[in-house]
Colleague: 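Input: one structure, supplied below.
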Amino acid sequence: MLTLKVLQENKEQVIERLSVKNFKAEDVVNQILGLDQVRRSTQNSMDNNQSELNKIAKEIGVLFKSGNTFEVNLLKEKNTQLKELVKSQGEELAQIEKQLNNLLVQLPNLPHSSVPRGKGADDNIEIRSGGNKPSLYKDAVPHWDLAKKYDIIDFELGNKLTGSGFPVYKGKGAKLQRALINYFVDEATAAGYLEIQPPIMVNEDSGFGTGQLPDKEGQMYHVGIDNLYLIPTAEVPVTNIYRDVILSASEFPIKMTAYTPCFRREAGSYGKDVRGLNRLHQFDKVEIVQLQHPEKSYQALEEMVNHVEGLVKSLNLPYRILQLCGGDMSFTSALTYDFEVYSAAQDKWLEVSSVSNFESYQANRLKLRFREEGEKKTILAHTLNGSALALPRIVAALLENNQTPEGILIPKVLQKYTGFEIIN
RNA sequence: GGAGAAAUGGCCGAGUGGUCUAAGGCGCACGCCUGGAAAGUGUGUAUACUUCAAAAGGGUAUCGAGGGUUCGAAUCCCUCUUUCUCCGCCA
């Protein structure tokens, strides 16, 4: 969430910036600033009364020892009244802070100055692209047919076990999953990311820290009996490792990677977008996360984009990199690049990675701060993350693009992980 | 799941109702000492909010979390969480 300070000091710019995300902020910002005034004066008054109360309590202690019971009783009486006042002011303050927080949480992150205005996906800007679209032989089919033909992914069996969107991978299909996971994690660790194996359920605090709660409550699976959430991405547990932490500037950059299954309810999704592997409730993903100094976070973002680009290239998939417009960006992001790969038989571009800089938006929720060498004051760190990569759509594109009458060819870089060169 | 014990600053650890403004130690930072270092020695050493133009300084809160008792709580009471020991179950 945005800091009060940013709102106080740059009110007009904040409103202007948020309009890039098509968010009308003026009313909320005004409410916040007004409420903050009330909060300050209330707290001031309460603090003074508390101070007075503490002082008197000490006097009572001294008088008590000297046996001056008359004076003691007089002061007790006074303090009882003061206490009432402090208590009611405290309740008032708690109420105000709660309201203030509810309002602050409603404001999305400020988009970076390079972010174009726009309504949705059509207004995203292609940054660059690579690879060539394959020319398929004439009987080529979409991946869901290939999955059935070679018996490597069983969607109906998943329906039986759980429900739609929970496929079962079998034989070479399962092995391909493991191969991709291992390849991606190996590449990330080679690039200096520390491998993490986090829990795949998180508590409310973690969900709040990275911005899933309260906004995206309905997108996560909730285990009610224990009040835990199945993670929609490894970003949540991995970034929350540094919740409530104060780093020193010399510790940057902190780079972590994690393979986890991801769970998304995808409420409201339907139709042909959800066919086959295109949109699942459970899928595998390798995530990369960086914590960086604010002055270096955009450099880190470029580095992460290059890393992801290297992966897609190495798999010989036609890809394009888009910079998201204000209207298509997530609530918490300041700048996002999406990676899409071309899945030939569907003739569709599929999003396989989203790399974002959140600047201090998550860090403020997480209370993730750092200190410059020798300085006393704490500064919010910047957080970034990206998929490197999400498996299902990569698998979809690999199956579709590499199909031949003899079978599906496995890219070179994966062969030492799969142990086979073809699915037939 | 049952029974018992515990949770104090970066770390160890004292503290059972009133200078706790949390002892002492370790660590860390800066000085002194030294040819240099070690040892020794001195000083400092949390976070958030707030006051102030800013700095300095001040106020408030925080001893696992949240409530309560009291004029006053690290200390007493209640609830929750986590850890340890034992028992049960178990990959």
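Residue numbers start from 1 in every chain, and the chains themselves are labelled A, B, ... in the order their sequence lines are given, proteins ahead of strands.
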Colleague: Pick the C1' atom in B/rG9 and in B/rA5, then give their distance to the nearest Å.
Modeller: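 Here B/rG9 and B/rA5 have their C1' atoms 24 Å from each other.
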Colleague: Quick check on B/rU51: is either OP1 or OP2 less than 4.0 Å from any side-chain nitrogen or oxygen of A/Ser41?
Modeller: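 For B/rU51, OP1/OP2 do not have a side-chain N/O of A/Ser41 under 4.0 Å.
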Colleague: Find the distance A/Arg40:CZ to B/rC52:C1' and express it as a whole number of Å.
Modeller: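 In whole Å, B/rC52 C1' lies 12 Å from A/Arg40 CZ.
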Colleague: Nearest whole Å is fine: how far is B/rG58 P from A/Asn44 CG?
Modeller: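 It is 17 Å, rounded to the nearest whole Å.
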Colleague: Return the value, rounded to whole Å, for the distance between atom CD of A/Glu97 and atom P of B/rA48.
Modeller: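 Atom-to-atom, A/Glu97 to B/rA48, this comes out as 15 Å.
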Colleague: Under 4.0 Å, counting only non-hydrogen atoms across every strand here, what does A/Leu82 touch: a base, just sugar-phosphate, or nothing?
Modeller: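 Nothing, no heavy atom under 4.0 Å.
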Colleague: Whether A/Asn54 contacts B/rG59 is assessed here as follows: a side-chain N or O lying under 4.0 Å from the phosphate OP1 or OP2. Is that the case?
Modeller: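 Answer no for this pair, as no side-chain N or O of A/Asn54 is under 4.0 Å from OP1 or OP2.
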Colleague: Side-chain N or O of A/Gln50 less than 4.0 angstrom from OP1 or OP2 on B/rA61?
Modeller: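 True: A/Gln50 side-chain N/O within range (under 4.0 Å) of B/rA61 OP1/OP2.
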Colleague: Mind checking who B/rA65 pairs with, Watson-Crick or G-U wobble, both distances under 3.5 Å?
Modeller: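 When the pairing criteria are applied, B/rU79 turns out to be the nucleotide that pairs with B/rA65.
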Colleague: Whole angstrom is fine here: how far is it from NZ in A/Lys55 over to C1' in B/rU21?
Modeller: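 Atom-to-atom, A/Lys55 to B/rU21, this comes out as 15 Å.
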Colleague: If we take the P atom in both B/rA38 and B/rC26, what is their distance in whole Å?
Modeller: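 Those two atoms are separated by 16 Å.
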Colleague: Please give the distance between the C1' atoms of B/rC89 and B/rA14 as a whole number of Å.
Modeller: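 So the two C1' atoms sit 40 Å from each other.
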Colleague: Tell me whether the side-chain N/O atoms of A/Arg369 come closer than 4.0 Å to OP1 or OP2 in B/rU47.
Modeller: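 No, A/Arg369 has no side-chain N/O under 4.0 Å of OP1/OP2 on B/rU47.
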Colleague: For atom C1', what is the distance between B/rA46 and B/rA54, given to the nearest Å?
Modeller: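 Going atom to atom, C1' in each nucleotide, I get 24 Å.
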Colleague: Given B/rC71, is OP1 or OP2 found less than 4.0 Å from the side-chain N or O atoms of A/Thr80?
Modeller: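 It does not, given that no N or O in the side chain of A/Thr80 lies less than 4.0 Å from OP1 or OP2 of B/rC71.
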Colleague: In whole Å, measure the gap between the P atoms of B/rU70 and B/rA53 for me.
Modeller: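 Looking at atom P only, B/rU70 and B/rA53 are 41 Å apart.
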Colleague: Say whether A/Thr189 and A/Glu195, considering side chains only, have a donor N or O and an acceptor N or O under 3.5 Å apart.
Modeller: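 Result is no, nothing qualifies.
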Colleague: Given atom CG of A/Asn227 and atom C1' of B/rU82, what is their separation to the nearest angstrom?
Modeller: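 Going from CG in A/Asn227 over to C1' in B/rU82 covers 17 Å.
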Colleague: Measuring from the side chain of A/Arg39 (C-beta onward, heavy atoms only), which nucleotide among B/rA46, B/rU50, B/rA61 has the closest atom?
Modeller: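 Of the options given, the side chain of A/Arg39 lies nearest B/rU50.
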Colleague: When you match A/Ser51 and A/Leu75 each to their closest nucleotide on RNA chain B, which lands nearer the 5' end?
Modeller: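 Result: A/Ser51.
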Colleague: Grab the NZ-P distance between A/Lys5 and B/rC49 for me, whole Å please.
Modeller: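 Taking atom P of B/rC49 as the reference, NZ of A/Lys5 is at 10 Å.
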Colleague: Return the nucleotide paired to B/rU34: Watson-Crick means purine N1 to pyrimidine N3 with N6-O4 or O6-N4, wobble means G-U with N1-O2 and O6-N3, both under 3.5 Å.
Modeller: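 WC or wobble partner does not exist here.
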Colleague: Under 4.0 Å between a side-chain N/O of A/Lys377 and OP1 or OP2 of B/rU47, yes or no?
Modeller: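 Answer no for this pair, as no side-chain N or O of A/Lys377 is under 4.0 Å from OP1 or OP2.
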Colleague: What's the closest nucleotide to the A/Thr378 side chain, out of B/rA48, B/rU50, B/rC71?
Modeller: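 Of B/rA48, B/rU50, B/rC71, B/rA48 is nearest to the side chain of A/Thr378.
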Colleague: Between A/Phe263 and A/Tyr221, how do the two ring planes meet: parallel, tilted or perpendicular, split at 30° and 60°?
Modeller: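 Judged by the thresholds at 30° and 60°, the geometry between A/Phe263 and A/Tyr221 is perpendicular.
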Colleague: Paired with B/rU16: which nucleotide, if any, by Watson-Crick or G-U wobble criteria at under 3.5 Å for both distances?
Modeller: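 Looking at the geometry, B/rU16 pairs with no nucleotide.
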Colleague: Please determine, for B/rG72, whether a Watson-Crick or G-U wobble partner exists with both distances under 3.5 Å, and give it or none.
Modeller: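 Looking at the geometry, B/rG72 pairs with no nucleotide.
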Colleague: Which value, in whole Å, describes the distance between the C1' atoms of nucleotides B/rU8 and B/rA22?
Modeller: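 Result for the C1' pair: 8 Å, nearest Å.
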Colleague: Counting only Watson-Crick or G-U wobble pairs whose two distances fall under 3.5 Å, which nucleotide matches B/rA22?
Modeller: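 When the pairing criteria are applied, nothing turns out to pair with B/rA22, so the answer is none.
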Colleague: Measuring from the side chain of A/Lys83 (C-beta onward, heavy atoms only), which nucleotide among B/rC49, B/rG59, B/rG72 has the closest atom?
Modeller: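 Taking heavy atoms from C-beta onward, the closest nucleotide is B/rG72.
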Colleague: Going by purine N1 to pyrimidine N3 plus the second Watson-Crick contact, or the G-U wobble pair, all under 3.5 Å, which nucleotide sits opposite B/rC86?
Modeller: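 WC or wobble partner is B/rG2.
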Colleague: Tell me, please, whether A/Phe420 has A/Lys172 positioned over its six-membered ring: NZ or CZ under 6.0 Å from the ring centre and within 45 degrees of its axis?
Modeller: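 Positive - A/Lys172 is close enough to the ring of A/Phe420 and near enough to its axis.
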Colleague: Pick base, sugar-phosphate or nothing for A/Ile60, based on heavy-atom distances below 4.0 Å to the nucleic acid.
Modeller: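 Contact class for A/Ile60: base.
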Colleague: With both distances under 3.5 angstrom, what nucleotide forms a Watson-Crick or G-U wobble pair with B/rG44?
Modeller: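 For B/rG44, the partner nucleotide comes out as B/rC28, under the 3.5 Å rule.
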Colleague: Figure out the CD/P separation between A/Gln89 and B/rA61, and round it to whole Å.
Modeller: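 Nearest whole value for this atom pair: 13 Å.
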Colleague: Would you mind telling me which of B/rU50, B/rA48, B/rC71 lies closest to the side-chain atoms of A/Asn79?
Modeller: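 The nucleotide sitting nearest to the side chain is B/rC71.
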Colleague: Whole Å only: how far is the CZ atom of A/Arg371 from the C1' atom of B/rG10?
Modeller: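 These atoms are roughly 11 Å apart.
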Colleague: Could you tell me whether A/Glu156 and A/Lys148 have a side-chain N and a carboxylate O separated by less than 4.0 Å?
Modeller: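 Answer for the salt bridge query: yes.
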Colleague: Using the C1' atom in both, what is the distance from B/rC78 to B/rA91, to the nearest Å?
Modeller: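 38 Å, rounded to whole Å.
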Colleague: Can A/Tyr242 and A/Thr383 be counted as having a side-chain donor-acceptor contact under 3.5 angstrom?
Modeller: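 Short answer, no.
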Colleague: Under 30°, 30 to 60°, or over 60°: which ring-plane class applies to A/His307 and A/Tyr193, parallel, tilted or perpendicular?
Modeller: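 It falls in the tilted class, 30° to 60°.
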Colleague: Charged N to carboxylate O below 4.0 Å: is that the case for A/Asp36 and A/Arg39?
Modeller: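 A salt bridge links A/Asp36 with A/Arg39.
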Colleague: If the P atom of B/rG35 is compared with that of B/rA48, how far apart are they to the nearest Å?
Modeller: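 Approximately 43 Å lies between the P atom of B/rG35 and that of B/rA48.
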Colleague: Tell me whether the NZ or CZ atom of A/Arg365 lies within the 45° cone about the ring axis of A/Phe208 and under 6.0 Å from its centre.
Modeller: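 The answer is yes; both the distance and angle limits are met.
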Colleague: Please determine, for B/rA55, whether a Watson-Crick or G-U wobble partner exists with both distances under 3.5 Å, and give it or none.
Modeller: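 Check on B/rA55: unpaired, no WC or wobble geometry under 3.5 Å.
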